[in-house]
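What follows is one structure encoded as structure tokens, with my remarks underneath.
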Amino acid sequence: MPGENNTEAPSGNFITHIIDEDLETGKYDGRVVTRFPPEPNGYLHIGHAKSICLNFGIAKRYNGTCHLRFDDTNPLKESIEYVESIKEDVRWLGYDWQDHLYFTSDYFDQLYAYAVQLIKAGKAYVDSLTPDEIREFRGTLNTPGKESPYRDRPVEENLALFEQMAKGELEEESCVLRAKIDMASPNIVMRDPTLYRIRKKDHHRSGSKWCIYPMYDFAHCLSDSIEKVTHSICTIEFVNNRELYDWLLDALDVYHPQQIEFARLNLSYTVLSKRRLIQLVSEGHVSGWDDPRMPTLSGLRRRGYTPSSIRKFCDTIGVARRDSMVDISLLEYTLREELNRFAPRVMAVLNPVKVIIENYPEGRTETLEAVNNPEDPSMGSRSIPFSREIYIERDDFMEDPPKKFFRLAPGREVRLRYAYFIKCNDVIRDDSGNITALRCTYDPETRGGNTPPDGRKVKATLHWVSAAHAIDAHVRLYDHLFNVENPMQSGDFQQHLNPGSLVSADVSKLEPGLKDAEPGSHFQFERMGYFFTDPEDSSPGAPVFNRVTTLRDTWAKIKKTL
RNA sequence: UGGGGCGUCGUCAAGCGGAAAGACACAGGAUUUUGGUUCCUGCAUUCGGAGGUUCGAAUCCUCCCGCCCCAGCCA
């Protein structure tokens, strides 16, 4: 895999400014500890990559550590399948948590003890209101809440009740543990937030040991504290929760990391919310979490995106607090930038039309030299067969071409890459008028694609493949999943699904060397784009190719203006 | 219209009182056996708006406008 090890620290941003300051003042004795804390309830997507690169990148930059912590406090939604996929994705992205793999569920005993401590301090109570009542009592955005009648239960009673909750002696929804803060707080998060709820459900790690599970706000700050995290970096929707984060840590008088929020990533022409992604999978709009059209890390990996191009992308988008929508062309750019340097060039005709070279001897085959990568001479060259009948791209011929079309047309001469100049003399059609073949003649003096002695020039160079030698292969042409920049902006996002997001080119003709393409390898199909040998669907001798992205296509732009 | 967050080029994003980085996108041009790559060039007299402070403001103050988040026993 090219560009494997460039996990260099990302550029500076407002968070590194804060850390620089903390380092100067000695706030955490020079330590820098971050963490990436996914809930194992779905697959990671490129938005998570931003957070992973940020957290691991900062640890690297400051010679600190970054923990991978599974925030597994809700057994209803979580499973081991997700923790495995998340670990795989983080590793694939190029990051190593070393021995800092943690689970919030491993802290359940300690978290319970903290809850007891809070109760003893008179700062938490067991509330027996129903869920509906709790909601009513919470008030609204502009009206204060009311205190629960159970709010002033004596400490002993709270302790006894909480123990009963933990032992499974009380029913789900019969009561919860709440922090005693301020029902009139303008910040709704502070209106006696729920700390623990009863869930008589086995946990994928702690099994049946617990009948109560801590809520995010309680578990997260304390997990950070237990792990001695210094900078707890999360997304901006948690700004309101920071007041509670700080309150809990102060109330318990424990080590106090600082929470810092940044804006989550939005990418044009796709969706990045777990809920929508699940919907796309479960409703069959895509083949799975790793469908190459998905913005999940497993989808991008399957498509052929490289870890280093994603890292580069995350670095160049930067980190800030304002809402943003990053243009997906930037992602495509970082991929091309890398693959341009490393991907071997190869010729593949995706939508073939036959060319018969009338003055080329029948039955003759010759071998021509083709450069593997003009960006890197050390990649050498290869031999490709040439013969009387070849295939070229159907789009490379026009019978009645517009002025700016430089390719093949009746009476016009073009170059075949690494081969000869050919001139089109005649068009052959079937009964319904479709073009089935082109009759051409070649100029033997242009072998290798060289300019002939008379110096005549040609305006286009086409890729081609020898008909007798070409192999057939499945090629999938992927495009954006949605046909609007922001599918969430209007109506149901699914109505913006791009019907052309996957086009199969099953009659593709490829140069013979591709028969044994290694699954998981990258190529540039000259003039067509970057392609990846699908690791799942390829089999020995029968590769399947995914188009990762097209080449920049100036002609496509011109064509639109015609 | 309770509280909080945020508004700098089409899209991201630097800037932190001394006079608007960079990247993508876009538009020209050069080179090119990929209409690719590479290379030049152009692209915010202006920082949501209006006032004010200052010799000097995107940066400080005031007011206004707009967008986003919060009323899960989700995270």
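A quick note: this is a predicted structure, and the numbers were derived from the prediction, not measured. Chain letters run A, B, ... following the sequence lines, proteins first and then strands; every chain starts at 1.
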Quick note, A/D327 side chain, CB onward, closest among B/U11, B/C73, B/G35 is B/U11
Do the side-chain N and O atoms of A/T235 and A/E261 include a donor-acceptor pair separated by under 3.5 angstrom?
no
Looking only at side-chain atoms of A/W555, point me to the closest of B/C73, B/G35, B/G36.
B/G35
Ignoring hydrogens and angles, state whether a donor on the side chain of A/T549 or A/E332 is under 3.5 Å from an acceptor on the partner side chain.
no
Which base, if any, makes a Watson-Crick or G-U wobble pair with B/U38, both distances under 3.5 Å?
B/A30
Over how many whole Å does the gap from A/F313 atom CZ to B/A25 atom P extend?
13 Å
How far does the P atom of B/U34 sit from the matching atom of B/G42, given to the nearest Å?
27 Å
Scan A/E332 against the nucleic acid and name what it touches under 4.0 Å (heavy atoms): base, sugar-phosphate only, or nothing.
nothing
Glycosidic torsion of B/G72 (syn if within 90° of 0, anti otherwise) classifies it as syn
Ranking B/C70, B/G5, B/U34 by distance to the side chain of A/R321, first place goes to B/G5
Rounded distance (Å) that lies between atom P of B/G72 and atom CD of A/E172
19 Å
As a test of understanding, state which of A/T16, A/N13, A/T34, A/D315 forms a side chain to side chain contact (heavy atoms under 4.5 Å, CB included) with A/L54.
A/N13
Please classify the nucleic acid contact of A/M215 as base, sugar-phosphate, or nothing, using heavy-atom distances under 4.0 Å.
sugar-phosphate
Fit a plane to each ring of A/H522 and A/F532, take the angle between them on a 0 to 90° scale, and name the class: parallel (under 30°), tilted (30 to 60°) or perpendicular (over 60°).
tilted
Below 4.0 Å: OP1/OP2 of B/C26 and any side-chain N or O of A/K557
yes
Does the cation-pi check pass for A/R199 over A/Y213, that is, NZ or CZ under 6.0 Å from the six-membered ring centre and within 45° of its axis?
no
Check whether more than 12 heavy atoms from other residues, nucleotides or ligands sit under 6.0 Å from atom CZ of A/R264, and answer yes or no.
no
Which atoms of nucleotides 64-68 of chain B (N or O only) lie under 3.5 Å from a protein N or O atom, and what are those distances?
{"from": "B/C68", "atom 1": "O4'", "to": "A/D323", "atom 2": "OD2", "distance (Å)": "3.2"}

Under 6.0 Å between the ring centres of A/F162 and A/Y112?
yes
Any side-chain N or O of A/T73 under 4.0 Å from OP1/OP2 of B/A75?
yes
Under 4.0 Å between any heavy atoms, over every strand shown, what does A/F238 touch: base, sugar-phosphate, or nothing? Just pick one.
base
Considering Watson-Crick and G-U wobble pairs with both distances under 3.5 Å, what does B/A21 pair with?
none
According to the interplanar angle, ranging from 0 to 90°, do the rings of A/F386 and A/Y442 count as parallel (below 30°), tilted (30 to 60°) or perpendicular (above 60°)?
tilted
Face-on cation placement of A/R35 at A/Y102 ring, 6.0 Å and 45° thresholds
no
From B/U34, B/G72, B/C24, pick the nucleotide closest to the side chain of A/S329?
B/C24
Heavy atoms from C-beta onward define the side chain here; which of B/G35, B/U37, B/C26 lies closest to that of A/N340?
B/U37
Any strand is fair game: report the nucleotide pairing with B/C6 by Watson-Crick or G-U wobble, both distances under 3.5 Å, or none.
B/G66
Taken to the nearest whole Å, CZ/A/F262 to P/B/G4 is 23 Å
At 4.0 Å (heavy atoms only), tell me whether A/R345 reaches a base, stays on the sugar-phosphate, or touches nothing.
base
Taking any heavy-atom pair under 4.0 Å as a contact, classify A/D217: base, sugar-phosphate, or nothing.
nothing
Taking the P atom in each of B/U62 and B/C68, what is the distance between them to the nearest angstrom?
25 Å
Taking a pair as Watson-Crick or G-U wobble with both distances under 3.5 Å, which nucleotide is matched to B/C47?
none
Counting the atoms with a prime plus P, OP1 and OP2 as sugar-phosphate, which does A/E375 contact under 4.0 Å by heavy atoms, base, sugar-phosphate, or nothing?
base
Integer angstrom distance from the C1' of B/G29 to that of B/G35
15 Å
Looking only at side-chain N and O atoms, does A/R552 come under 4.0 Å of OP1 or OP2 in B/U37?
yes
When the P atoms of B/A23 and B/C39 are considered, how many whole Å apart are they?
11 Å
In whole angstrom, give the distance that lies between atom CD1 of A/I558 and atom P of B/G35.
11 Å
Within the distance-only criterion (no hydrogens, no angle test), does the side chain of A/D224 pair as donor or acceptor with the backbone N or O of A/V229 below 3.5 angstrom?
no
Nearest-neighbour nucleotide for the A/N142 side chain, B/C73, B/G2, B/G35 considered
B/G2
The nucleotide from B/C12, B/A14, B/U34 with an atom nearest the side chain of A/N13 is B/A14
Looking at A/R138, does any N or O in its side chain come under 4.0 Å of the phosphate oxygens OP1/OP2 on B/C73?
yes
Do the side-chain N or O atoms of A/T554 get closer than 4.0 angstrom to the phosphate oxygens (OP1, OP2) of B/G36?
yes
Mark this stacking check for A/Y216 against B/A75 as yes or no, applying ring centres under 5.5 Å and ring planes under 30°.
no
Using purine N1 to pyrimidine N3 plus N6-O4 or O6-N4 for Watson-Crick, or N1-O2 and O6-N3 for G-U wobble, both under 3.5 Å, which nucleotide pairs with B/A57?
none
Assign A/V239 to base, sugar-phosphate, or nothing according to its heavy-atom contacts below 4.0 angstrom with the strands shown.
sugar-phosphate
With sugar-phosphate meaning primed atoms plus P, OP1 and OP2, does A/N450 contact a base, only sugar-phosphate, or nothing at under 4.0 Å between heavy atoms?
base
With a 3.5 Å limit on both atom pairs, tell me what B/A13 is paired to, counting Watson-Crick and G-U wobble, or say none.
none
Name the nucleic acid region contacted by A/L462, choosing base, sugar-phosphate or nothing; use a 4.0 angstrom heavy-atom cut-off, strictly under.
nothing
